[in-house]
Each structure stands twice: as structure tokens, then as C-alpha cells.
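Each chain gets a letter, A, B and so on, in the order its sequence line appears, and its residues count up from 1.
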Protein chains: 2
Amino acid sequence: MTELEKGPKGRRRGRGARERILSASQQLFREQGINRTGMDQLCAAAQVSKRTAYQHFTGKDELVAEYLRGFDPSVLSGVFDRTDLTPRERLLAAFDIPPTTPLCPYIGAAVELHDPEHPASQYAREYKKAVAARLADAAREAGAADPEQLGEQLALLIDGAAARTRVLNADAFPTAAAIAAVLIDNAIPATAGDDRRREEVPS
Amino acid sequence: MTELEKGPKGRRRGRGARERILSASQQLFREQGINRTGMDQLCAAAQVSKRTAYQHFTGKDELVAEYLRGFDPSVLSGVFDRTDLTPRERLLAAFDIPPTTPLCPYIGAAVELHDPEHPASQYAREYKKAVAARLADAAREAGAADPEQLGEQLALLIDGAAARTRVLNADAFPTAAAIAAVLIDNAIPATAGDDRRREEVPS
DNA sequence: CGTTATGTACACCGATCTGTTTGCTTACGG
DNA sequence: CCGTAAGCAAACAGATCGGTGTACATAACG
């Protein structure tokens with residue numbers, strides 16, 4: 001926070017224009033979408049001159065990609081690092097994101113940009129794969145028979161809840177969580193109480 | 001086809017400009033997205049003058065809404081009217097849409113327009129609810145314990161597969177179908193089908 | 001035939017978009 | 001304390017956007 005260093009080149013003179021730009025991006029891109037947010041408006045909200053903005057980012061495309069990158073720690077790490085939960089609870093905790101997240105920004109970016117080659121689209125793909133992989137890890141810890149499959153399934157549920165929440169304007173994550181519970185119980189061979197791992201496979 | 005009638009007022013003089021416009025919409029909005037398709041380009045593709053286009057549609061917004069409306073019969077009716085399938089098969093048939101559908105246009109429209117009050121957004125919501133309702137009907141026919149819940153769950157799976165297919169650029173419908181099979185077998189009490197499941201329904 | 005709806009061609013409008021330029025101010029840091 | 005880099009303000013470019021205006025062509029009916 002107190003450190004005002006920039007990403008590229010060790011320069012650290014500035015007064016935090018880059019941070020304000022990214023912060024404004026997070027707010028405006030989420031509230032209005034990417035395409036409907038012009039650079040003029042964004043710079044005004046960030047209290048940054050356009051000149052400065054284009055010195056920090058080569059263009060809007062790069063800014064969008066960087067904006068997506070800013071979500072990583074809050075979403076991905078926040079859920080999976082909770083050691084106070086059992087693996088099964090950790091899997092279900094991924095569906096407890098009701099208040100803050102109006103729509104997964106990765107899906108939004110992929111749809112709005114509409115170009116699979118766009119840096120932001122590529123990053124969104126990469127991120128979604130990473131989430132599925134971490135879910136698979138947790139599934140493996142929980143003793144799932146086919147962790148990769150369960151991870152992919154749970155990831156699909158999250159995306160479905162996000163998309164459906166957006167279209168219907170109503171929270172769909174509880175439904176997704178209910179499905180997840182079924183899938184998890186179904187995929188873990190002989191779940192005694194919760195997180196006990198068994199090797200025996202039902203005939 | 002030989003009938004060249006327009007939707008509003010029984011007028012039938014023209015040579016089919018409206019149809020060409022809608023046809024071009026379906027292609028371009030899907031290929032490039034809504035926001036990235038200008039009216040100029042669209043009119044050129046439809047071989048229609050801009051003036052004519054704005055005589056048929058009051059604006060792009062109305063055109064987008066009408067474009068969405070054009071999907072109804074092909075998707076919704078095509079699956080549920082198949083009497084040759086058992087209710088269970090009919091539920092699963094909803095996930096067999098691999099070739100033609102790159103992304104659910106309703107999700108795309110809702111994300112791109114980014115305005116829940118937009119006519120097209122409202123229609124998308126309405127349509128998604130209708131799909132869930134029809135799935136619930138089929139679930140009831142299949143003897144599901146809680147048809148509404150199962151219908152909503154299957155609808156979420158479809159949306160999840162659509163969103164994930166878009167973001168990852170890889171078909172996610174098989175995964176969704178696998179989940180659907182589990183949910184269906186889990187929700188149908190003890191049918192003479194093939195699978196027996198614990199009645200461990202999530203409370 | 002002539003009337004009339006339908007469609008065409010094309011210039012044009014104002015707004016907005018991404019991105020650039022010029023000239024100036026401010027605030028570190030040595 | 002002074003140089004230098006960071007940042008600011010505002011006009012500007014060029015493109016594209018959605019949408020109109022005007023004048024002209026054509027097809028379908030009576």
C-alpha cells in the first residue's frame with residue numbers, strides 16, 4: 001500500500017496513477033461492462049489524465065488484461081487456503097460468493113471482447129483452467145474417485161451460476177451449491193462423516 | 001418462403017427485406033457479437049439500405065430483441081417435442097447441442113447489453129425461465145421428486161456449459177450431460193430404470 | 001394505366017470511441 | 001536546491017457509431 005512502485009521497470013517516483021487507473025477499471029468495467037466504458041470516463045474516474053493512462057498502458061486492451069489479472073488473489077486463493085475447513089467443506093465454500101460478485105468478470109470479458117486471441121480472453125481461459133485444477137486438487141484431498149472430473153464439474157457449476165445469475169438477475173449460487181453437494185457425495189467413495197478417505201469402490 | 005408477409009400489419013407488398021435483415025443479424029451477431037456489429041455492416045450483409053432497415057425496426061435495440069426472438073422454435077421446441085424418447089432421455093437430449101451452437105445467444109446478449117431493462121435482456125430472462133419450466137415439466141413426467149428443483153438445476157447446467165464453452169473455447173456440454181445424468185438418477189425415487197441411488201437428498 | 005407502399009442510394013448529422021499531441025506544473029531525490 | 005521525471009489539462013485526429021433526410025426507383029395491386 002505505502003509502496004508506490006510500478007510493475008514495469010523499477011521506477012517508483014509516481015504518486016500512484018497506475019493504481020488509481022486499475023482501481024477505477026475494477027469498478028467501471030464491472031458496473032458498466034468493458035465496451036460501454038470509454039477511456040475518457042475511466043480516466044476521469046481515476047483522476048488521471050489520458051496522457052498518463054496511455055503511458056502506463058499501451059492501450060485499452062492491455063488495461064483490460066491487467067484488470068482481469070487483478071482478481072486473482074481475492075477469488076482463487078481466498079477460498080482454497082482455508083485450512084480450517086475439511087476438503088469437502090472447502091469444495092462447497094467455493095459457492096459462497098453471494099454478496100460481492102455480480103458476475104464473474106472473466107466470463108464477461110470473454111463475451112464482451114469476443115476474440116479468443118485477445119490477451120484478456122487468453123488470461124480468462126488460463127484462469128478458468130487454474131480454478132478447475134485447484135478444485136481438482138481439493139477433490140483429490142477429499143478422496144474423490146476421479147478428482148479431475150469432479151473439479152471440472154464443480155467449475156462448470158460455478159460458471160453456470162455466474163451466467164445464470166447475470167441473465168436472470170437472481171442469485172443462482174445456492175442451486176449450484178446444492179448440485180455440488182450431490183456431486184461431491186456421489187464422487188467420494190464411502191464418505192463416512194465428511195473428509196475420511198476410503199479406497200473401496202462401490203460395486 | 002413463398003409468402004412474403006411482414007410481421008406488423010398484414011402488408012405483404014415487399015420483397016423480403018425484413019427477413020434478410022433478421023437473417024444477417026443471426027449470422028453477424030453470433031459471429032462478431034452485438035456491439036461489434038454496426039448497422040452499416042449489417043445492412044450491407046443483408047443487401048438492404050439503411051433507410052429500409054430503420055423502417056422495419058425503430059432502432060438497433062428493437063432489432064436485437066427481435067433477433068433473440070428468432071431462436072425460440074429451433075431450440076426450445078425441437079428438444080421437448082420428441083415423443084420418441086422417454087422423459088429421462090428427453091431431459092438428457094437437451095445437452096446434445098454440440099455442432100451448431102457456439103454460445104447461447106441469450107447469455108451473450110445479456111452480457112453485452114449489460115442493461116437488465118433492455119428489451120432483449122428481459123426477453124432473455126423470460127426465455128431462460130421458460131426453458132427451466134419446460135425442463136421441470138419433463139422432470140415431472142419422469143417422476144422426479146422435486147421437478148422444479150431439477151428443472152432449475154438442469155437449466156443451470158446448460159448455462160454453465162454454454163458459458164464455459166465460450167470462455168475455454170472447448171465443448172463443455174459432455175461434462176454437463178454427465179452431471180445431468182447423476183442429478184436425474186438422484187432425483188427420481190426408485191424408477192424401474194437402471195440406477196439405484198441413495199435418497200440422500202440435500203436438505 | 002396510375003397510385004402507393006416498399007426499397008434504394010448516398011450524403012450527412014452529432015455523439016463517442018481509442019489514441020496523440022502540445023505545453024505546462026508539480027514533487028521527489030540526489 | 002535544482003534537475004528531472006511524473007503527472008496534468010485540453011485540444012485534436014481519425015474512425016465508427018446509431019440514426020436521418022432527400023430524392024429516386026420499382027413492384028404490386030386497383
Side-chain angles (χ1 to χ4, degrees), chain A residues 2-25 28-29 32-67 109 112-115 118-120, chain B residues 2-25 28-29 32-67 109 112-115 118-120:
Chain A
T2 55
E3 272 291 326
L4 292 177
E5 57 186 3
K6 311 302 174 48
K9 303 195 66 180
R11 310 278 177 88
R12 58 186 201 74
R13 274 284 195 85
R15 222 173 65 269
R18 185 187 176 94
E19 288 181 358
R20 267 176 295 158
I21 296 170
L22 285 173
S23 173
S25 300
L28 293 178
F29 286 163
Q32 314 179 338
I34 295 171
N35 289 329
R36 303 185 107 74
T37 300
M39 290 298 283
D40 276 324
Q41 182 193 6
L42 198 147
C43 290
Q47 287 176 302
V48 155
S49 77
K50 270 176 96 179
R51 184 76 213 273
T52 303
Y54 278 98
Q55 275 166 353
H56 282 286
F57 305 94
T58 65
K60 195 184 184 182
D61 288 348
E62 183 180 315
L63 174 58
V64 172
E66 217 63 35
Y67 144 77
E112 282 206 79
L113 301 176
H114 215 275
D115 173 17
H118 191 291
Chain B
T2 57
E3 275 291 350
L4 291 176
E5 57 187 3
K6 309 302 173 47
K9 306 193 64 181
R11 314 277 177 89
R12 57 184 204 77
R13 279 283 193 81
R15 223 173 64 269
R18 185 187 176 93
E19 288 180 359
R20 266 177 294 156
I21 295 170
L22 285 173
S23 173
S25 300
L28 292 177
F29 286 162
Q32 314 177 337
I34 295 171
N35 289 329
R36 303 184 106 74
T37 300
M39 290 299 283
D40 278 324
Q41 182 192 6
L42 197 146
C43 291
Q47 286 177 303
V48 155
S49 79
K50 253 175 119 184
R51 206 68 182 86
T52 302
Y54 278 98
Q55 277 164 356
H56 282 285
F57 306 93
T58 66
K60 194 183 184 182
D61 289 347
E62 184 180 315
L63 174 58
V64 171
E66 217 62 35
Y67 144 78
E112 281 204 80
L113 301 176
H114 215 276
D115 173 16
H118 190 291

Q: Rounded to the nearest 0.5 Å, what's the gap from OG1 on B/Thr58 to CD on B/Glu66? Could you check?
A: 10.0 Å
Q: What I want to check is whether an N or O donor and acceptor connect the side chain of B/Lys50 with the base of D/dG19 at under 3.5 Å.
A: yes
Q: Can you measure A/Tyr54 atom OH to D/dG7 atom C1' for me and round it to whole angstrom units?
A: 17 Å
Q: May I have the distance from A/Leu63 (atom CG) to C/dT18 (atom P), rounded to whole angstrom?
A: 10 Å
Q: B/Asp115: what forms a side chain to side chain contact (heavy atoms under 4.5 Å, CB included) with it, not counting sequence neighbours?
A: B/Glu117, B/His118
Q: Can you pull every protein N or O that's under 3.5 Å from an N or O on nucleotides 22-25 of chain C?
A:
{"unit_1": "C/dT22", "atom_1": "O4", "unit_2": "A/Arg51", "atom_2": "NH1", "d": "3.4"}

Q: Given that A/Thr58 and B/Gln55 both sit by DNA chain C, which one's nearest nucleotide is further toward the 5' end?
A: B/Gln55
Q: Looking at every heavy atom in both A/Val64 and A/Ala120, which two are closest together, and how far apart are they?
A: CG1-CB, 3.8 Å
Q: Would you indicate, yes or no, if D/dG7 has its OP1 or OP2 atom less than 4.0 angstrom from a side-chain nitrogen or oxygen of A/His56?
A: yes
Q: Pairs in or reaching into residues 39-55 of chain B: which pass salt bridge (charged side-chain N to carboxylate O under 4.0 Å, His left out), with residues at least two apart or in two chains?
A: B/Asp40-B/Lys50
Q: Can you tell me if the side-chain N/O atoms of B/Thr52 get under 4.0 Å from OP1 or OP2 in C/dT8?
A: yes
Q: Could you tell me how far apart A/Lys60 (NZ) and C/dT20 (C1') are, to the nearest whole angstrom?
A: 17 Å
Q: Not counting sequence neighbours, which residues clear side chain to side chain donor-acceptor pair (under 3.5 Å) with B/Lys60? List them please.
A: none
Q: When you measure from the side-chain N and O atoms of A/Ser49 to the phosphate of D/dA9, is any distance below 4.0 Å, counting only OP1 and OP2?
A: no
Q: Rounded off to whole Å, could you give me the NE2-to-C1' distance for the A/His118 and C/dT18 pair?
A: 13 Å
Q: With a 4.5 Å cut-off on side-chain heavy atoms, are B/Leu28 and B/Tyr67 touching?
A: no
Q: Over how many whole Å does the gap from B/Glu112 atom CD to D/dG18 atom C1' extend?
A: 16 Å
Q: Can you check whether B/Phe57's main-chain N or O pairs, donor with acceptor, with B/Glu62's side chain at less than 3.5 Å?
A: no
Q: So which of residues 37-47 of chain B are in contact with DNA chain C, with a heavy-atom cut-off of under 4.0 Å?
A: B/Gln47
Q: Run the side chain to side chain donor-acceptor pair (under 3.5 Å) test against A/Ser23 and tell me which residues pass, sequence neighbours left out.
A: none
Q: Please give, in whole Å, the distance from C/dC17 P to B/Arg36 CZ?
A: 14 Å
Q: Which atoms form the tightest heavy-atom contact between A/Ala24 and A/Ala46, and what is the distance?
A: CB-CB, 3.8 Å
Q: Expressed as a whole number of angstroms, how long is the span from A/Arg20:CZ to D/dC8:C1'?
A: 10 Å
Q: In whole angstroms, how far is the P atom of D/dG7 from the CZ atom of A/Phe57?
A: 11 Å
